[in-house]
J.: 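The structure follows.
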Amino acid sequence: MHDLANGSKAFSKERLEVFAAGRVLQLDNFRRLVGFGWPGFKSMNLWRQDKGQRACAAAFVEALRSGGPAPIPLEEILEVSRVAIEMAETA
């Protein structure tokens with residue numbers, strides 16, 4: 001992952017590329033998805049940018065209201081924290 005602020009404003013602010021089994025998916029600004037090597041799929045345009053924040057907040061509020069389980073289990077949160085700390089210590 002790279003988080004840089006020195007590029008052109010004309011370039012996508014956020015880009016995610018996934019490589020799997022000789023195929024590639026490229027997501028620009030959470031609005032345009034392009035596939036390379038995916039039979040029957042070339043691209044998809046989204047009407048609005050969706051990073052999942054609304055769904056995440058709604059799931060959290062619903063868990064609070066219903067007394068149900070948290071959207072992200074505590075064990076996963078602790079594991080991510082542990083790995084992030086270990087990575088920071090090795091940098």
Side-chain angles (χ1 to χ4, degrees):
M1 178 181 153
H2 303 285
D3 191 1
L4 307 171
N6 59 348
S8 168
K9 292 185 188 261
F11 188 73
S12 299
K13 180 179 174 187
E14 296 172 297
R15 174 180 278 180
L16 173 68
E17 296 175 334
V18 177
F19 298 82
R23 300 174 290 186
V24 179
L25 288 173
Q26 185 180 71
L27 182 62
D28 276 329
N29 285 333
F30 293 89
R31 293 189 58 117
R32 178 162 172 77
L33 178 65
V34 180
F36 302 90
W38 295 84
F41 178 76
K42 291 189 181 193
S43 67
M44 176 189 304
N45 290 315
L46 305 173
W47 287 101
R48 62 185 180 85
Q49 194 176 58
D50 181 5
K51 297 181 185 181
Q53 288 109 329
R54 251 179 234 254
C56 181
F60 177 72
V61 169
E62 180 57 29
L64 292 176
R65 284 187 185 148
S66 70
I72 304 171
L74 178 60
E75 296 79 23
E76 288 184 25
I77 294 171
L78 295 175
E79 178 69 8
V80 168
S81 298
R82 183 188 63 75
V83 170
I85 292 167
E86 284 180 5
M87 290 177 65
E89 289 174 346
T90 62

J.: To the nearest 0.5 Å, tell me how far R31 CZ sits from L46 CG.
T.: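 Output value for this atom pair is 7.5 Å.
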J.: Is there a continuous path of hydrophobic side-chain contacts, each under 4.5 Å between heavy atoms, that joins L16 to F30?
T.: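 As far as the 4.5 Å side-chain criterion goes, F30 and L16 are connected within one cluster.
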J.: Report the hydrophobic cluster partners of I77, with the cluster defined as I, L, V, M, F, W, Y residues connected by side-chain heavy atoms closer than 4.5 angstrom, directly or transitively.
T.: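 I72, which link up through side-chain heavy atoms under 4.5 Å apart, make up the rest of the cluster.
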J.: Provide the closest heavy-atom pair for A63 versus P69 in the form atom of the first, atom of the second, distance.
T.: CB-O, 3.3 Å
J.: Look at atom CZ of F41 and say whether more than 12 heavy atoms of other residues, nucleotides or ligands are closer to it than 6.0 Å.
T.: yes
J.: Would L25 and W38 satisfy side chain to side chain contact (heavy atoms under 4.5 Å, CB included), going step by step from the backbone distance to the final call?
T.: CA-CA 9 Å; L25 288 173; W38 295 84; 3.6 Å; yes
J.: Would you find more than 12 non-hydrogen atoms of other residues, nucleotides or ligands less than 6.0 Å from R54 atom CZ?
T.: no
J.: Please tell me whether L74 and V80 are part of a single hydrophobic cluster in this structure, the criterion being side-chain heavy atoms less than 4.5 Å apart.
T.: no
J.: Going from CZ on R65 to CZ on F60, what distance comes out if it is rounded to the nearest 0.5 angstrom?
T.: 11.5 Å
J.: Test of understanding: clusters of I, L, V, M, F, W, Y form through side-chain heavy atoms closer than 4.5 Å, transitively. Do L33 and V24 belong to the same one?
T.: no
